Amino acid sequence: MSSETAAPAAPAPSGPTPRPPRRRRPVRALLIVVVALAVLCCAAVGGIGWYFSGVATEVDHSPEYPISVLDAGNGTVTLPRTPYTERPGTWGLVWKDGGRAVLGPVTGGDTGKVVRTVTAAPRGAPAKGTPVAVDHWVYGGDPRTALGLDFQNVAYPSRLGPMPAWLVPGATMKGTWVIGVHGHNADKAETFRVMRAVHGLGLPMLSIAYRNDVGAPASPDGKNHLGDTEWNEVASAIAYARAHGATGIVLHGWSMGGEMVMTALRKDPALIRGVVLDSPVMDWAATLDMQGADRGLPGFVTGVARRIVQWRIGIDLGDYDQRRFAPRLKTPTLLFTTADDDTVDNGPSLEFAKAAPPGMVTHAPTAGGHTESWNVDPAAYERALTAFLTKVR
């Protein structure tokens, strides 16, 4: 045996065997990427929603001339063929520096162009190459220059100061007045198309401007409030009419003006004998959803935009779903809707008419686009309007 002794064994470790550190860095990096992408997505959605809400609330009266005259002469004008230039009916043609003509029927053309008669051109027809726009308001200027009707430039008091309006006198100033309320970013000229019919019945007509219109006081924040504040001008115009002889009122509103009219009716129906709605906004949420879809926005992005709109201008869009109030409607209503309206969702208007008490809403569906019922058939529109005003005056 060897005299050498074995080396003493190493002492056993006193604790558990240490594990190698976990490799957490790739996981942490992945989490950072996911969080960053989520933040970017939220920012993108919020940014798109902010932009879309800005479009809805911006005030913009700048003209656009999207097409050019291809030829003109011999009482006609040739335009590129588009859904707007080929549509039958009566239309205006406008160009910069106040140029304006009235277009009549289509008389020719081909797949790329359309020829229309020029029935009136107070300042001469546009020359070839002139940038122009087809205008469903048809007329420009003031009631005298546009229609040959005597009128007064008046100002009615409002919360924001004096508001301009046109007053076309009737056979008498005592009795029922018609108050015309134009739409979003539009102008008093939108009301020209019904003035002759109203005047023919001997009724006074007050066509009003409201906050943010050209020549009118601006809203405190300079934004369009989708009728949430603007309806106050309708109430002020009613008070002005009453102070100047009106014993009854018929409110006639186009697009957002229709929503303003309905809000004024809900707030105080006492003096209102009738309401005329032309392509009205009867539910802002539905209309914003439709416009978002037309722009290719996913529904959740439009939903964000609707919430931003409510926050930016302090509006509750649910208060402007007029369908909720239809069963309690007690005021005769004439409703015009168009088959090709790509601006306002017609669904709420149709549902409003069905939900109202029987016989309270007279619905007049027509062809055409937004607020174009008169243009596609002026005679039919004026017959319906005259019959309605005769009944409720």
Side-chain angles (χ1 to χ4, degrees), residues 156 165-183 190-208 227 231 233-242 244-282 322-323 325-337 348-350 352-366 371 373-374 380-393:
Y156 66 96
W166 290 327
L167 175 57
V168 179
T172 175
M173 301 304 287
K174 293 187 179 297
T176 298
W177 288 33
V178 175
I179 297 179
V181 186
H182 68 73
E190 187 164 36
T191 70
F192 276 143
R193 290 167 290 176
V194 304
M195 280 187 180
R196 283 198 178 111
V198 173
H199 187 70
L201 290 173
L203 303 178
M205 181 166 179
L206 184 70
S207 293
I208 67 170
W231 76 267
E233 274 82 84
V234 179
S236 296
I238 292 172
Y240 175 91
R242 185 172 190 171
H244 289 78
T247 58
I249 298 291
V250 174
L251 298 175
H252 195 314
W254 288 257
S255 192
M256 189 182 89
E259 181 269 312
M260 294 163 58
V261 161
M262 289 303 300
T263 302
L265 175 67
R266 285 165 40 202
K267 300 291 186 180
D268 185 4
L271 203 65
I272 302 173
R273 294 186 177 177
V275 167
V276 184
L277 304 173
D278 192 321
S279 298
V281 179
M282 298 298 269
Q322 307 294 346
R323 292 169 293 190
F325 310 99
R328 303 197 298 273
L329 182 68
K330 297 180 180 178
T331 303
T333 300
L334 175 60
L335 170 65
F336 292 99
T337 60
S349 290
L350 305 181
F352 177 88
K354 290 180 181 178
M360 196 56 64
V361 176
T362 301
H363 181 209
T366 72
T371 68
S373 292
W374 183 93
Y381 189 105
E382 293 181 10
R383 281 195 302 270
L385 178 60
T386 297
F388 179 78
L389 293 177
T390 301
K391 181 175 67 174
V392 302
R393 61 182 300 175

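What you see is a predicted model; the values in this text were computed from it and never measured. The residues of the chain are indexed from 1 along the displayed sequence.
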Can you confirm whether [X] sits close enough to [Y] that some side-chain heavy atom of one is under 4.5 Å from a side-chain heavy atom of the other?
X: Arg266; Y: Arg328; result: no
X: Leu277; Y: Gln322; result: no
X: Val194; Y: Trp254; result: yes
X: Val250; Y: Met205; result: no
X: Met262; Y: Glu259; result: no
X: Ser349; Y: Leu335; result: yes
X: Arg323; Y: Met282; result: no

Minimum heavy-atom separation for [X] to [Y], with atom names?
X: Trp231; Y: Ala264; answer: CE3-CA, 4.0 Å
X: Thr176; Y: Pro204; answer: O-CD, 3.4 Å
X: Met195; Y: Ser207; answer: CE-OG, 3.3 Å
X: Pro280; Y: Phe336; answer: CD-O, 3.9 Å
X: Pro357; Y: Ala326; answer: CD-O, 3.2 Å
X: His182; Y: Ile208; answer: CD2-O, 3.5 Å

| Pair Leu350-His363, side chain to side chain contact (heavy atoms under 4.5 Å, CB included): steps then yes or no | CA-CA 8 Å; Leu350 305 181; His363 181 209; 3.3 Å; yes
| field | Separation of Leu251 CG from Trp177 CH2 (nearest 0.5 Å) | value |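 Here the interatomic distance stands at 13.0 Å.
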| said: Using 0.5 Å steps for rounding, measure from the OG1 atom of Thr337 to the CZ atom of Phe352. | reply: 13.0 Å
| said: Run Val234 and Lys267 through side chain to side chain contact (heavy atoms under 4.5 Å, CB included) and show every step you take. | reply: CA-CA 11 Å; Val234 179; Lys267 300 291 186 180; over 6 Å; no
Looking at [X] and [Y], would you say the former's side chain and the latter's main chain have a donor-acceptor pair under 3.5 Å?
X: Trp374; Y: Arg193; result: yes
X: Arg393; Y: Leu203; result: no
X: Thr331; Y: Leu329; result: no

| query | Going through the checks in order, is the side chain to side chain contact (heavy atoms under 4.5 Å, CB included) test met by Phe325 and Leu265? | reply | CA-CA 11 Å; Phe325 310 99; Leu265 175 67; over 6 Å; no
| query | Could you go step by step and tell me if His252 and Thr191 meet the side-chain hydrogen bond (donor to acceptor under 3.5 Å, both in side chains) rule? | reply | CA-CA 9 Å; His252 195 314; Thr191 70; over 6 Å; no
| query | Is the gap between the ring centers of Trp166 and Phe192 under 6.0 Å? | reply | yes
| Given Ile238 and Leu271, is the side chain to side chain contact (heavy atoms under 4.5 Å, CB included) satisfied, shown in steps? | CA-CA 8 Å; Ile238 292 172; Leu271 203 65; 4.0 Å; yes
